[in-house]
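Hydrogens, waters and symmetry mates are skipped; everything else that's a heavy atom, side chains included, is used.
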Amino acid sequence: MYKRDKAGKGGRKRLACLTLALLLCLTGCGGNPPKGTAGEAAVPVTLEEEVLAEAEGCFRYLWEQAQTDEASGAYGMVRDRYPGAKNVSSIAATGFALASIPYGIQKNWISQEEGRQRAEKTLDTLLSLDHEKGFLYHFVNMLNGQPATGSEVSIIDTGLLLCGAIVAGEYFGGSVQEKALELYGRVDWEYFLDSSRNMFYMSRSPEGEFAGHWDVYAEQLILYVLSAGSPTYPLDSGPYYAFGRLEGRYGEHIFIHSWFGSIFTYQYSHAFVDFRGLEDEKGTDWYQNSVEATLAARQFCIDQQEHWETYGENAWGLTACDTRDGYNGLQGAPPSGTDNRAHESGGTIAPAGAIGSMPFTPEESTAALKHYMTFPDLQGQYGLKDAYNLDQNWFDSDYIGIDKGISLLMIANYESGMIWELFMGNENIRRGMENLGFAEKK
């Protein structure tokens, strides 16, 4: 029921431009050469090759920065960042890596058997890790598989991990699918539910204290789909309809926004759930909502380019990322909070912001990718690095796993809808969507 080629009102025209966009040549679409760079960037010839080059860099990160020592207790766990944080893995990045395996096989970067073995052995690891009622620790030590020092148990990172496991299970079937179902089925969703507010907590500390609530819209939509479709501990649609839906506008774009306006919040659940052409019982079309949010985020950077040299029509998508002063999870664009003061912007751009929006804004996102590839200092062994800031003459030295992950999965959906098709093919996910009241848009 949910596997179809629909883009929602306003989205069909943008997706229809995909074929034309792939035929565009390197010259004539990227604007002026970047300031403050030296040497020639070794870039592909066509836009299609540029997209593929970045996808391959992302895939290589997720594949190569995984633990492959089977005696470690952390086989398959993917490094949170590289070259920093040498021994720390992220379960969300590991989920993105599992979902990336079918794409890597399709592109002939790895063999079917290599992919199957990596997926199955990673699931074996995940089933052996410390957990609380099925919920996993956000960060794991790559040397021994133990929770990283001070790491919390995270419901959203567990959710993203489960999504990747489901994608791999649907692709390979057999024992891989059985283990993915076991991982999913052991999660007791009620354990993380604050029944007094009918909302999920965000985390549980190592001392056992729950903290925060998913009380407004953000990247958490996937949690409601997973919990409503659970084969063992299903919840009703109550938590999904309990969180706040803050509607705001920027320019001509009106949409339900997240608290910090960080663009990843409009992407993560959409990497897996195909919301195109669907609406819930309140009439919300989350796909079109992300289209509007993405266009607004781009317009904000265009409007701010007089203040920040980095920003412009091809450099946009403020999102949680590295900055020269360290990681900043508050980076975003208006509307934000209740008074448009919750977000921060300081001239830093992460390529994953625009690239992770490719299914929403294919023309604008591919133009941004092309622009980023003109900066030699932004490129490296795994494609585009995490972030840069021309105002500070700063280029990041690190890659971040979740940013490479969202970039890859959204490129895959931009090209063919591959991740959407696999994920929505799972019977539990289809049931979850139905239980939440999603139906074809009228």
Side-chain angles (χ1 to χ4, degrees), residues 1-4 6 8 92 95-96 98-99 133-136 154-171 173 177-195 198-202 214 217-243 245 256 265-287 289-290 409 413 417-441:
M1 176 179 178
Y2 297 105
K3 295 188 290 183
R4 63 200 170 283
K6 292 191 177 181
F96 286 144
L98 283 168
K133 302 286 187 179
F135 295 96
L136 293 162
S154 171
I155 185 174
I156 186 59
D157 293 280
T158 297
L160 293 170
L161 182 281
L162 293 176
C163 289
I166 289 170
V167 168
E170 288 299 306
Y171 181 79
Q177 188 172 44
E178 292 171 3
K179 291 174 182 179
L181 181 61
E182 181 181 354
L183 191 70
Y184 177 20
R186 75 180 185 181
V187 176
D188 183 351
W189 296 96
E190 191 170 359
Y191 179 69
F192 246 81
L193 185 68
D194 181 351
S195 58
N198 207 14
M199 293 178 182
F200 285 126
Y201 291 110
M202 299 183 80
W214 290 103
Y217 167 74
E219 71 270 25
Q220 85 276 22
L221 293 180
I222 190 60
L223 300 179
Y224 309 113
V225 179
L226 289 166
S227 61
S230 171
T232 48
Y233 300 101
L235 297 181
D236 61 26
S237 62
Y240 171 70
Y241 288 102
F243 71 84
R245 304 185 183 203
I256 296 168
T265 59
Y266 307 104
Q267 298 171 349
Y268 276 21
S269 289
H270 293 261
F272 299 98
V273 181
D274 185 0
F275 286 106
R276 294 176 298 170
L278 299 177
E279 63 181 6
D280 65 15
E281 292 176 355
K282 288 188 174 182
T284 302
D285 177 344
W286 290 115
Y287 176 84
N289 194 77
S290 285
L409 299 192
N413 284 329
M418 181 183 195
I419 307 303
W420 286 334
E421 183 174 356
L422 288 168
F423 188 74
M424 302 302 284
N426 182 273
E427 62 179 355
N428 298 298
I429 298 305
R430 293 197 300 272
R431 182 171 62 250
M433 295 292 286
E434 292 168 359
N435 289 344
L436 294 179
F438 280 93
E440 297 282 350
K441 194 171 181 179

Checklist entry - For the side chain of Ser230 and the backbone of Thr232, is there at least one donor-acceptor N/O pair under 3.5 Å apart? => result yes

Checklist entry - Where is the tightest heavy-atom contact between Leu221 and His270, given as atom of each residue plus distance? => result CD1-NE2, 4.4 Å

Checklist outcome for this item: Here the pair of heavy atoms bringing Trp214 nearest to Ala218 is CZ3-CB, 3.9 Å

Item to check | Atom of Ala180, atom of Gly169 and distance for their closest heavy-atom approach | outcome: CB-CA, 4.4 Å

Checklist outcome for this item: For Thr158 and Ser154 the tightest heavy-atom approach is OG1-O, 2.7 Å

Checklist entry - Are any non-hydrogen side-chain atoms of Pro239 and Tyr224 less than 4.5 angstrom apart? => result yes

Checklist outcome for this item: When rounded to the nearest 0.5 Å, the distance separating OH of Tyr171 from CD of Gln177 is 14.0 Å

Checklist entry - Is there a side chain to side chain contact (heavy atoms under 4.5 Å, CB included) between Leu98 and Val167 once you walk through the steps? => result CA-CA 7 Å; Leu98 283 168; Val167 168; over 6 Å; no

Next on the checklist: Any side-chain to backbone donor/acceptor pair from Asn435 onto Ala228? Under 3.5 Å, distance only.
Outcome noted: yes

Checklist entry - Does Asn413 reach the main-chain N or O of Trp420 with its side chain, forming a donor-acceptor pair under 3.5 Å? => result yes

Item to check | Atom pair CG (Leu278) and CE (Met424), whose distance is rounded to the nearest 0.5 Å | outcome: 6.5 Å

Checklist entry - Should Tyr201 and Ile155 be marked as a side chain to side chain contact (heavy atoms under 4.5 Å, CB included) after you check the CA-CA gap, both sets of side-chain angles, and the distance that decides it? => result CA-CA 8 Å; Tyr201 291 110; Ile155 185 174; over 6 Å; no

Next on the checklist: Any non-hydrogen side-chain atom of Ile429 less than 4.5 Å from a side-chain atom of Val273?
Outcome noted: no

Checklist entry - Could you state the interatomic distance from CZ (Phe192) to CZ (Phe135), rounded to the nearest 0.5 Å? => result 6.0 Å

Checklist entry - If you round to the nearest 0.5 Å, how far is CZ of Phe96 from CD1 of Ile419? => result 10.5 Å

Checklist outcome for this item: For Tyr268 and Phe272 the tightest heavy-atom approach is O-CD1, 3.7 Å

Item to check | Ring geometry between Phe438 and Phe275 (parallel below 30°, tilted from 30 to 60°, perpendicular above 60°) | outcome: tilted

Checklist outcome for this item: d(Leu409 CG, Phe423 CZ) to nearest 0.5 Å is 11.5 Å

Next on the checklist: Give me each pair satisfying side chain to side chain donor-acceptor pair (under 3.5 Å) with a member in residues 179-190, each pair once, sequence neighbours excluded.
Outcome noted: Glu120-Lys179, Asp124-Lys179

Next on the checklist: Which label fits Tyr217 and Tyr266: parallel for a plane angle under 30°, tilted from 30 to 60°, or perpendicular past 60°?
Outcome noted: tilted

Checklist entry - Are Pro231 and Glu427 side-chain neighbours, meaning at least one heavy-atom pair lies under 4.5 Å? => result no

Checklist entry - How long is the span from the CG atom in Asp157 to the CG atom in Leu136, to the nearest 0.5 Å? => result 9.5 Å

Item to check | Flag, side chain of Tyr240 to backbone of Gly437, donor-acceptor distance under 3.5 Å | outcome: no

Checklist entry - What's the verdict on side chain to side chain contact (heavy atoms under 4.5 Å, CB included) for Ser227 and Phe200, showing C-alpha distance, side-chain angles and the deciding distance? => result CA-CA 11 Å; Ser227 61; Phe200 285 126; 3.9 Å; yes

Checklist entry - So which of Leu226, Leu422, Asn428 actually passes side-chain contact (heavy atoms from CB on, under 4.5 Å) with Ile166? => result Leu226

Next on the checklist: Using every non-hydrogen atom in the two residues, find where Val187 and Tyr233 come nearest and quote the distance to one decimal.
Outcome noted: O-CD1, 3.1 Å

Checklist entry - Which is it for Gln267 and Glu219 under the side chain to side chain donor-acceptor pair (under 3.5 Å) test, yes or no, and what are the steps along the way? => result CA-CA 7 Å; Gln267 298 171 349; Glu219 71 270 25; over 6 Å; no

Checklist entry - In chain order, what residues pass the salt bridge (charged side-chain N to carboxylate O under 4.0 Å, His left out) check against Arg245, with sequence neighbours excluded? => result Asp280

